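Notes to accompany the following structure.
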Amino acid sequence: MNKTFENWLVVSDIDGTLNNKLRMLPKRNYEAIQKFTEAGGNFTLASGRTVSSLKRNYDRVTPNQPAVVLNGSGIYDYSKKEMLWRSTIGEDGQKFTREVICEYSDAFKSLDIGIYFDDYVYVVKNGLFGTGTMLIDKAHYEVTSIDAVPKEGWMKVIFWGFPPTINSLRRLIDRSEIKEKVNFMASSLWSMEMLAKNTHKGVGIMNLADMLGIEKNHVAAIGDYYNDWDMLKTVGLPACAGQAPKPIHEICKYEACHCNDGCVADLLEYIMSGRAENDINK
């Protein structure tokens, strides 16, 4: 009788993890995911993207569980077409966003700002970064004033700018009480994201694991960059792509190959071989 993996949940980041550096899906990853899910394993994706933007990657593989969207702010079931769980930003984060708009209005010290809902983005300060991100992600969006943005349903806010301006924003956050009221994470050299307090990919993943009745030591996640840090620190089996920065490797229990070579397949083969189970029981 073939071994099945119903007691495992494996969650993958997308760019630089599921996809290679050219944002293409290695065949090896596709085949391993299919084999894992056919053997009863639970597999899905976790991303900072909106519902429809993530769906394009979700549909390319064979996930069989709801996805973690918007960096852990929501869990979306594509089969039922509904958000199963969400965590939204309240008044403190909304007030801070307005303060940033005022503080960074100078042309030489400017930030683009996008306010993300389930599947829609209000770009309240627009420039090259905001426009570029919307085009790359093929997001549903509009450029508007913050006064036109609904007050309920803020899933996350992204601040985009050149690295010196992002560093200036980081210093502003460090001096402010806001850091105690929401969660900030750097998603690249050019962006800083704000989510509700105690919200990140790891929180979304563990909420999904609870829904499925899967124990923490059988929850695995794989990522490649610092925006995956909280996710990797939260799950039972953290794994990273080979090209991940050294600090990411240091917090992971499993180190896979480079994303170009199929790092998700590496992790799934490790689990399906039984070695992961043996390592848990040591």
Side-chain angles (χ1 to χ4, degrees), residues 4-15 17-19 25 29-30 32-89 114-122 137-141 150 152-156 158 183 187 193 195-196 198-216 218-223 227-228 230-232 234-237 264 267-268 271:
T4 58
F5 302 95
E6 290 90 348
N7 61 332
W8 278 96
L9 170 63
V10 179
V11 184
S12 175
D13 175 48
I14 298 178
D15 295 321
T17 309
L18 176 73
N19 294 336
L25 175 68
N29 282 348
Y30 176 85
I33 293 166
Q34 187 174 42
K35 183 177 180 181
F36 181 67
T37 54
E38 287 177 350
N42 301 283
F43 182 85
T44 193
L45 303 177
S47 171
R49 302 182 189 192
T50 60
V51 168
S52 61
S53 183
L54 174 57
K55 187 177 188 296
R56 284 183 287 275
N57 286 279
Y58 190 90
D59 289 345
R60 291 169 67 192
V61 290
T62 56
N64 56 1
Q65 295 301 339
V68 176
V69 299
L70 296 158
N71 275 332
S73 294
I75 298 173
Y76 188 80
D77 189 325
Y78 285 101
S79 63
K80 296 180 179 178
K81 297 182 179 179
E82 67 174 316
M83 193 73 75
L84 303 181
W85 173 87
R86 58 165 57 81
S87 176
T88 57
I89 295 170
I115 301 171
Y116 283 65
F117 286 65
D118 290 4
D119 199 30
Y120 201 78
V121 186
Y122 293 91
D137 289 348
K138 295 183 173 64
H140 304 304
Y141 77 100
E152 300 295 328
W154 290 36
M155 302 288 273
K156 72 171 184 176
I158 301 186
N183 184 35
S187 46
E193 302 194 15
L195 301 96
N198 298 323
T199 299
H200 51 74
K201 287 181 186 176
V203 172
I205 289 170
M206 294 313 301
N207 272 305
L208 177 59
D210 287 343
M211 292 177 188
L212 300 174
I214 296 175
E215 297 179 357
K216 180 177 178 178
H218 284 84
V219 178
I222 183 166
N227 58 331
D228 297 316
D230 288 330
M231 173 180 80
L232 298 173
T234 303
V235 301
L237 175 55
V264 173
L267 173 61
L268 292 175
I271 292 171

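Computation of the quantities below employed the complete heavy-atom set of this structure, encompassing side-chain atoms and omitting hydrogens, waters and symmetry-equivalent molecules. Source: prediction; values computed, not measured. Sequential numbering from 1 along the given sequence is applied to the chain's residues.
- Residues K201 and D13 are in side-chain contact: their nearest non-hydrogen atoms beyond the backbone lie under 4.5 Å apart.
- Partners of N64 by side-chain hydrogen bond (donor to acceptor under 3.5 Å, both in side chains), not counting sequence neighbours: none found.
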Report task. Would you please test D137 and R56 for salt bridge (Lys or Arg N to Asp or Glu O under 4.0 Å) and show each step? Result -> CA-CA 10 Å; D137 289 348; R56 284 183 287 275; over 6 Å; no
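- Within the 3.5 Å criterion, the main-chain N or O of E6 finds no donor-acceptor partner in the side chain of T4.
- With sequence neighbours excluded, the residues forming a side-chain contact (heavy atoms from CB on, under 4.5 Å) with D230 are N183, H200, listed by chain and number.
- Remark: A32 pairs with A265, L268 by the side-chain contact (heavy atoms from CB on, under 4.5 Å) rule, at least two apart or across chains.
- From D228, atom CG reaches atom OG1 of T17 across 6.0 Å, with rounding to the nearest 0.5 Å.
- Looking at residues two or more places apart in sequence or on another chain, you find no side-chain hydrogen bond (donor to acceptor under 3.5 Å, both in side chains) involving T234.
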Query - Pair I33-V264, side chain to side chain contact (heavy atoms under 4.5 Å, CB included): steps then yes or no - result: CA-CA 8 Å; I33 293 166; V264 173; 4.2 Å; yes
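- The salt bridge (charged side-chain N to carboxylate O under 4.0 Å, His left out) pairs that include a residue from residues 57-73 are K55-D59, where partners are two or more places apart or lie in different chains.
- The two residues L9 and I205 come nearest to each other via the heavy atoms CD2-O, 4.1 Å.
- When side chains are defined from C-beta on, Q65 counts as touching L212, because their heavy atoms get closer than 4.5 Å.
- Applying the salt bridge (charged side-chain N to carboxylate O under 4.0 Å, His left out) test to D118 and every residue at least two apart in sequence or in another chain returns R86.
- The two residues F43 and S12 have their closest heavy-atom pair at CZ-CB, 3.9 Å.
- Closest of all the heavy-atom pairs between G204 and W85 is CA-CZ3, 4.3 Å.
- The salt bridge (charged side-chain N to carboxylate O under 4.0 Å, His left out) test applied to K156 returns E193, not counting sequence neighbours.
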Query - Worked check of side chain to side chain contact (heavy atoms under 4.5 Å, CB included) between V121 and H140 - result: CA-CA 6 Å; V121 186; H140 304 304; over 6 Å; no
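- With sequence neighbours left out, T199 forms a side-chain hydrogen bond (donor to acceptor under 3.5 Å, both in side chains) with S87.
- Contact record, T44 with P63: CA-CB, 4.0 Å, taken as the closest heavy-atom pair.
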Query raised in the report: Between L54 and L45, is a side chain to side chain contact (heavy atoms under 4.5 Å, CB included) present by the stated rule, with each step listed?
Result: CA-CA 8 Å; L54 174 57; L45 303 177; 4.1 Å; yes
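- Checked against side-chain contact (heavy atoms from CB on, under 4.5 Å), K80 has the following partners two or more places apart in sequence or in another chain: D77, E82.
- Pairing each heavy atom of V203 with each of N198, the nearest pair is CG2-O, 3.3 Å.
- When all heavy atoms of V10 and L267 are compared, the pair lying nearest together is CG1-CD2, 3.9 Å.
- Not counting sequence neighbours, Q34 has no partner by the side-chain hydrogen bond (donor to acceptor under 3.5 Å, both in side chains) test.
- Looking at N57 and N19, their side chains do bring a donor and an acceptor atom within 3.5 Å of each other.
- By the 30° and 60° cut-offs, the orientation of the rings of W8 relative to H218 is perpendicular.
- Residues passing the side-chain contact (heavy atoms from CB on, under 4.5 Å) test with D210: none are found, sequence neighbours excluded.
- Considering only residues two or more places apart in sequence or on other chains, Y120 meets the ring-ring contact (aromatic ring centres under 6.0 Å, His included) condition with Y122.
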Requested in this report: Tell me, with the steps shown, if F117 and T50 meet side chain to side chain contact (heavy atoms under 4.5 Å, CB included).
Outcome: CA-CA 8 Å; F117 286 65; T50 60; over 6 Å; no
